[in-house]
Amino acid sequence: MRNLLRAEWTKLRTVRGWVIGMLLIPLVTVLLGALTASGNQCGIGPGPGLPVELACTSPIGPGGQAVQDQFYFVHQSLTGNGSLTVELTSLTGTELQPWSKAGIMIKASTRQGAAYAAMMLTGSHGIQFQYDFTGDAAGPAGTAPRWLRLVRTGDVITGYASADGARWAEVGAATLAGLPSTAQVGMFAASPMAAQNSRADSTPVATGTFDHVSLPGPWRGTYVGQPRLVPAPAGYQQDDAGFTVTGNGDIAPVVPPAGTAAPISWTLDGAFAGVIAAIVVGAMFMTAEYRHDLIRVTLAASPNRGRVLAAKAIVLGAVTFVAGLIGAGVAVPVGEHLLRHNGNFIAPLSLITELRVVAGTAAVFALAAVLALALGTVLRTSAAAVSVAITAVILPYLLAVATPAMPVAIADWLLRVTPTAAFAIQQTIPQYPQVANTYYPFFGFYPLPPLAGFAVLCAWTAAALGLATYLLRRRDA
Amino acid sequence: MRNTVHAEWTKARTLSATIWVLAGVLGATVAVSALAVTSARHGSDADPVKTSLTGVYLGQVVAAILGVLAISDEYGTGMIHVTLAAMPRRAAVLAAKAAVLAGQVLTAGTVAILVSALLGRLILPGYALTPALLRAAAGSVLYLTLIALLGLGIATAVRDAAVAIGIVLGLLFLFPIIAHYITITTVQHYLNEIAPMTAGLYIQSTTGLRTLPLTPWQGLTVLAAWTAAALLLGGLTLQVRDA
């Protein structure tokens with residue numbers, strides 16, 4: 001086997017065209033990625049009260065992800081343990097959304113992105129206990145009036161709900177690590193934009209009315225995350241009947257397309273060109289043997305045909321992986337630099353996620369090359385092998401992701417069963433059930449989780465290699 | 001010239017692969033069109049004519065293969081030496097190949113598009129016989145033909161089939177993927193205007209023409225320009241290079 005590997009490695013490195021093809025993989029990945037990154041610009045303003053254009057930015061939540069944190073907060077300081085109980089007598093609003101929300105909150109501070117836990121009534125999802133932007137526990141369904149209670153014990157916040165103020169049920173509890181001893185407690189209201197027309201200039205507003213507030217004053221009103229440009233009605237009133245709090249915005253993780261955070265996959269657009277180069281070299285690595293009748297020499301020298309194919313696959317896969325790793329490893333930092341230079345805010349990622357995206361992209365290159373190798377063995381002509389491989393790996397992506405008119409059901413199906421599913425390895429922002437959004441492939445949301453999508457390509461490649469081994473053994477060379 | 005065309009026609013018609021690839025153009029186009037038509041949602045605002053001609057996305061791949069194989073097969077088998085010895089006027093050889101290829105794809109493409117449009121007429125609501133439909137249908141046949149000729153031109157220039165098909169499909173598929181990720185609209189429109197597939201397929205649009213950066217025929221002209229450039233490049237390299 002060692003000799004076989006060396007023989008295949010010698011073939012690969014001594015054919016000039018293949019070496020050029022392998023060098024093209026990182027080159028086109030970086031160049032086209034850089035082109036895409038420079039084609040994206042983000043800015044706020046200029047406009048009334050904002051004379052210059054500012055770069056896009058986003059607050060960061062306790063979990064390290066980009067978040068939206070915009071709502072109206074009527075609050076006071078709470079030192080040590082304590083609780084707040086209110087009766088939410090109504091939730092109304094203009095263009096009230098399913099996830100419009102009003103309720104009570106304990107938040108580390110009024111800074112955007114600060115840790116929080118909240119009990120709320122929503123537009124059409126009943127009572128919810130939410131914390132730290134991504135946490136969500138559903139409570140009983142129902143509409144106002146409802147009683148809500150938050151209790152702080154150390155770092156633990158527990159949320160309760162009641163229909164009558166007498167019998168209480170726990171909805172959820174959350175540990176807010178590092179919550180300062182003095183936190184802010186109070187009432188809030190927020191309303192996200194409609195998911196379907198997030199580009200419309202409508203401004204949904206939610207209004208909550210509160211009674212039987214258990215804490216005495218004085219209260220302060222703060223518009224957390226007040227937008228620099230678009231003025232939205234927000235504020236509060238206190239009278240004999242209680243409090244009326246009005247606000248817009250949302251308290252949620254940022255998801256495309258609604259948010260302004262650029263996903264890292266924008267820097268890896270060149271990977272599609274790199275995959276084509278990998279497929280061409282992969283197919284030729286086998287079809288050239290047939291064309292020049294070298295296959296007879298190869299098989300005469302090592303009669304175990306399965307091993308010959310395995311050696312080819314290992315050498316090709318390893319070299320393509322290294323080439324892809326260099327390409328993706330350079331494209332991501334270069335693309336991020338260009339995106340930031342153009343005012344884009346890049347959604348922060350953990351090092352592990354970033355490594356997963358880079359190494360996963362390199363592995364997609366390697367698998368695509370081996371798939372083309374197997375197809376070349378089956379079909380023997382390079383034109384057929386290259387077109388089948390490109391049609392299987394690239395065309396479904398083009399149809400499902402880059403074709404806006406494609407019905408979502410078809411796009412979804414294409415991204416589940418075709419080798420294109422593997423590009424899910426580049427998805428970094430998950431889908432959140434508590435954030436209404438158009439989670440379409442068009443915006444970078446894949447129907448399969450990253451590793452499951454990657455496994456689809458693995459399965460196709462394994463099946464093609466199996467068929468290739470079978471045919472190589474059975475057929476005359 | 002007549003003899004040259006006749007020779008190329010004999011070669012094309014006697015190769016068993018040709019008929020299979022032509023059947024592939026037909027089958028791929030009709031199959032994907034049928035899939036798109038039957039899964040189209042009722043009441044969606046998608047262009048019904050464009051939906052019924054979706055099969056061109058796959059049919060073009062097979063058309064490109066046919067174009068590439070028309071010349072790269074000769075290089076692969078060494079047949080090109082015989083061809084050029086018998087017909088020393090190399091430009092005439094390429095022109096004859098282009099003529100035969102165009103004739104084949106026009107025929108197969110016409111059948112494929114007619115069947116696709118018929119399926120649309122039978123299944124989709126609001127599918128009327130209008131001048132726009134005729135333009136989209138005839139334009140789609142021309143589109144497939146131009147793609148096959150693009151494959152011929154590039155394959156003549158680079159000789160190797162794998163590299164040629166990689167370049168053709170890269171040219172077709174990469175532009176729209178890159179344009180999708182670009183948010184600066186001027187850059188995005190510019191990419192769409194020069195992209196052979198995106199601009200070429202504007203010929204299929206019958207609704208929302210005002211939102212397109214080019215008119216349908218202008219779009220097809222962009223593809224024709226790519227094809228002409230590829231054939232010119234192929235002709236020049238064939239002329240100056242040893243076979």
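Hydrogens, waters and symmetry mates are skipped; everything else that's a heavy atom, side chains included, is used. Quick note on labels: first sequence line is chain A, next is B, and so on, each numbered from 1.
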Proximity of Phe272(A) and Phe173(B) rings by center, below 6.0 Å: no
Residues of residues 276-288 of chain A with any heavy atom under 4.5 Å of a heavy atom in chain B: Ile276(A), Val280(A), Met284(A)
Close contacts, residues 29-37 of chain A versus chain B, judged by heavy atoms under 4.5 Å: Leu32(A), Leu35(A), Thr36(A)
Short side-chain to backbone donor-acceptor contact, Trp226(B) and Ile147(B), under 3.5 Å: no
Among Val168(B), Ile165(B), Ile184(B), residue most engaged with chain A (heavy-atom pairs, under 4.5 Å): Ile184(B)
For Ser116(B), the option from Ser33(B), Ser140(B), Ser52(B) that meets side-chain hydrogen bond (donor to acceptor under 3.5 Å, both in side chains): Ser33(B)
Heavy-atom pairs under 4.5 Å with chain A, option from Val187(B), Leu191(B), Ile182(B), Val163(B) with the top count: Ile182(B)
Shortest non-hydrogen separation from Thr428(A) to Val357(A) and the atoms involved: CG2-CG2, 3.6 Å
Cut-off 3.5 Å, no hydrogens considered: what does the side-chain donor-acceptor table look like for residues 60-72 of chain B, sequence neighbours left out?
{"unit_1": "Gln60(B)", "atom_1": "OE1", "unit_2": "Tyr143(B)", "atom_2": "OH", "d": "2.6"}
{"unit_1": "Gln60(B)", "atom_1": "NE2", "unit_2": "Tyr57(B)", "atom_2": "O", "d": "3.1"}
{"unit_1": "Ser72(B)", "atom_1": "OG", "unit_2": "Val68(B)", "atom_2": "O", "d": "3.0"}

Ring centers of Phe423(A), Tyr446(A) separated by less than 6.0 Å: no
Gap between atom NZ of Lys97(B) and atom CG of Leu149(B) - 0.5 Å precision: 13.0 Å
Which atom of Leu146(B) lies closest to which atom of Thr227(B), heavy atoms considered: O-OG1, 3.1 Å
Under 4.5 Å from a heavy atom of chain A, the part of Leu174(B) involved: side chain
Give every donor-acceptor pair under 3.5 Å between a side-chain atom in residues 370-386 of chain A and any protein atom, sequence neighbours left out.
{"unit_1": "Thr377(A)", "atom_1": "OG1", "unit_2": "Leu373(A)", "atom_2": "O", "d": "2.8"}
{"unit_1": "Arg380(A)", "atom_1": "NH2", "unit_2": "Asp476(A)", "atom_2": "O", "d": "3.0"}

Non-hydrogen side-chain atoms of Glu289(A) and Arg296(A) separated by less than 4.5 Å: no
Check: Asn342(A) side chain, Asn344(A) main-chain N or O, donor-acceptor pair, under 3.5 Å: no
